[in-house]
Amino acid sequence: MKITVFGATGNVGNRAVNEALLRGHEVTVVLRSSVRANDFDEAVKVVIGHADNVTDVVKWSEGQDLVISATRPPQGQENQLLDTAKALLLGLEQTKVRLLLVGGAASLTVPNSNGTLVLNDPQLVQAAWRDIAVACFAQHQLCRQNESVDWSYLSPPALIVPGERTGQFRTGTDELLVDEQGTSTISLEDFAIALLDEAQHPKNSRKRFTVAY
Ligand SMILES: NC(=O)c1ccc[n+]([C@@H]2O[C@H](COP(=O)([O-])OP(=O)(O)OC[C@H]3O[C@@H](n4cnc5c(N)ncnc54)[C@H](OP(=O)(O)O)[C@@H]3O)[C@@H](O)[C@H]2O)c1
């Protein structure tokens, strides 16, 4: 597949690029500057652009099979996450390319809570994370309201950390996945497997899904 990745210098995006290369896909990464262009394998096409710019989204998605976006705005500018989601949806509406959006856990429900959102659980979203969680919630709402783009929204568990590529994890829909010890986590490497599995075998068109151990 021809895959364009926004956020490729980030924790999630970088693993997504590696997983895509491992599976033999043609990867284009859209960076905001060329400073880290040499971080990537020579098989990767590196271009410059912004995920919150519709023209760039159109330009770098044209002719591709899929766009993966895993961008995170700087602290204090959490609303950029919405600008990015809007630009991606507007751009991909034009080019008719699928979107696999890495979102947040905020819009998942807490298990055994009568539907309490992760966003509203202070144990899961402490004050310092509130603004990004609110932005992630709104980002998911934007996708849900969009009927013209073939989007999928992958919500991480509470924690995504560097770790092993095991291929062993559970998949869910709208509820936070928590293990028997009460932990909600996955490695970045396994998270990337989930992303590329969905890329190659779409099961969640216009749906949100989540993964965790
Ligand atoms: N439990 C959770 O809910 C949870 C946990 C972890 C992550 N996440 C979500 O996963 C996503 C990725 O997180 P991460 O940890 O991988 O982030 P990260 O390591 O901070 O990387 C962010 C990436 O976004 C890029 N970026 C930011 N704004 C951009 C824009 N306008 N256009 C293009 N690229 C842009 C950055 O590029 P530069 O190199 O140019 O700065 C960087 O590559 C975020 O949406 C985050 O909220 C959720």
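Order of appearance sets the numbers: ligands from 1, and atoms from 1 within every ligand.
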Enquirer: Which of the atoms in ligand 1, numbered in the order shown and given with their element, are less than 4.0 Å from a heavy-atom of H50?
Expert: 32 (N)

Enquirer: Show the numbers, then the answer: is there a side-chain contact (heavy atoms from CB on, under 4.5 Å) between F40 and V27?
Expert: CA-CA 10 Å; F40 295 91; V27 181; over 6 Å; no

Enquirer: Measure from atom 48 (C) of ligand 1 to every heavy atom in S69, A105, P156, A158 and give the option owning the shortest one.
Expert: P156

Enquirer: Taking 4.0 angstrom as the limit and counting only heavy atoms of I160, give me the atoms of ligand 1 inside it, by number and element.
Expert: 5 (C), 6 (C), 7 (C)

Enquirer: Looking at atom 17 (O) of ligand 1, what's its closest protein heavy atom, distance included?
Expert: R72 NE, 3.3 Å

Enquirer: Any atoms of ligand 1 less than 4.0 Å from a non-hydrogen atom of G104? List them with their elements.
Expert: 3 (O)

Enquirer: With heavy atoms of V12 as the reference, note each atom of ligand 1 found under 4.0 Å away.
Expert: 16 (O)

Enquirer: With atom 44 (C) of ligand 1 as the reference point, say which of D52, D39, T71 has the nearest heavy atom.
Expert: T71

Enquirer: Start with the C-alpha distance between D174 and F209, add both sets of side-chain angles, then the distance that settles side-chain contact (heavy atoms from CB on, under 4.5 Å), and finish with yes or no.
Expert: CA-CA 7 Å; D174 292 320; F209 66 112; over 6 Å; no

Enquirer: In ligand 1, which numbered atoms sit nearer than 4.0 Å to a non-hydrogen atom of V102?
Expert: 10 (O), 11 (C), 45 (O)

Enquirer: Are V97 and D65 side-chain neighbours, meaning at least one heavy-atom pair lies under 4.5 Å?
Expert: no

Enquirer: Show your working on salt bridge (charged side-chain N to carboxylate O under 4.0 Å, His left out) between R15 and E19 and close with a plain yes or no.
Expert: CA-CA 6 Å; R15 269 60 170 209; E19 184 66 28; over 6 Å; no

Enquirer: For ligand 1, find out whether one of its N or O atoms is nearer than 3.5 Å to an N or O atom of P157.
Expert: yes

Enquirer: Any N/O of N11 closer than 3.5 Å to an N/O of ligand 1?
Expert: yes

Enquirer: Identify the protein heavy atom lying closest to atom 47 (O) of ligand 1, giving its residue, its atom name and the separation to 0.1 Å.
Expert: C136 SG, 3.9 Å

Enquirer: Quick one: are M1 and Q200 in side-chain contact, heavy atoms under 4.5 Å?
Expert: yes

Enquirer: Could you check R36 against D39 for salt bridge (charged side-chain N to carboxylate O under 4.0 Å, His left out), going step by step and ending with a plain yes or no?
Expert: CA-CA 5 Å; R36 293 185 56 187; D39 288 5; 2.7 Å; yes

Enquirer: Under a 4.5 Å cut-off applied to non-hydrogen side-chain atoms, are V29 and V47 in contact?
Expert: no

Enquirer: How about P156 and I186: do any of their side-chain heavy atoms sit closer than 4.5 Å?
Expert: no

Enquirer: Considering heavy atoms of the protein only, find what lies nearest to atom 30 (C) of ligand 1 and give residue, atom and distance to 0.1 Å.
Expert: R32 CD, 3.6 Å

Enquirer: My understanding is that only one of D179, T183, D190 makes a side-chain hydrogen bond (donor to acceptor under 3.5 Å, both in side chains) with Y213; could you say which?
Expert: D190

Enquirer: Counting C-beta onward and ignoring hydrogens, is there a side-chain heavy-atom pair between C136 and L81 closer than 4.5 Å?
Expert: yes

Enquirer: Number the atoms of ligand 1 from 1 as they appear, then name those within less than 4.0 Å of a heavy atom of G103, with their elements.
Expert: 8 (N), 9 (C), 10 (O), 48 (C)

Enquirer: Using 30° and 60° as the class boundaries, would you call the ring planes of Y153 and H140 parallel, tilted or perpendicular?
Expert: tilted

Enquirer: Output, in order, the C-alpha distance, side-chain angles, deciding distance and verdict of side-chain contact (heavy atoms from CB on, under 4.5 Å) for V149 and R206.
Expert: CA-CA 8 Å; V149 174; R206 295 207 175 97; 5.5 Å; no

Enquirer: Among A70, P74, A87, which residue places a heavy atom closest to atom 23 (C) of ligand 1?
Expert: A70

Enquirer: Should you measure from each heavy atom of G7, which atoms of ligand 1 turn up under 4.0 Å away?
Expert: 23 (C), 24 (O), 25 (C), 43 (O)

Enquirer: Using a plain distance cutoff, I'd like to know if T9 has any nitrogen or oxygen under 3.5 Å from a nitrogen or oxygen of ligand 1.
Expert: yes

Enquirer: Decide whether an N or O pair under 3.5 Å exists between A51 and ligand 1.
Expert: yes

Enquirer: Does any N or O atom in G10 lie less than 3.5 angstrom from one in ligand 1, N or O only?
Expert: yes

Enquirer: Could you tell me whether L159 and ligand 1 have an N or O pair separated by under 3.5 Å?
Expert: no

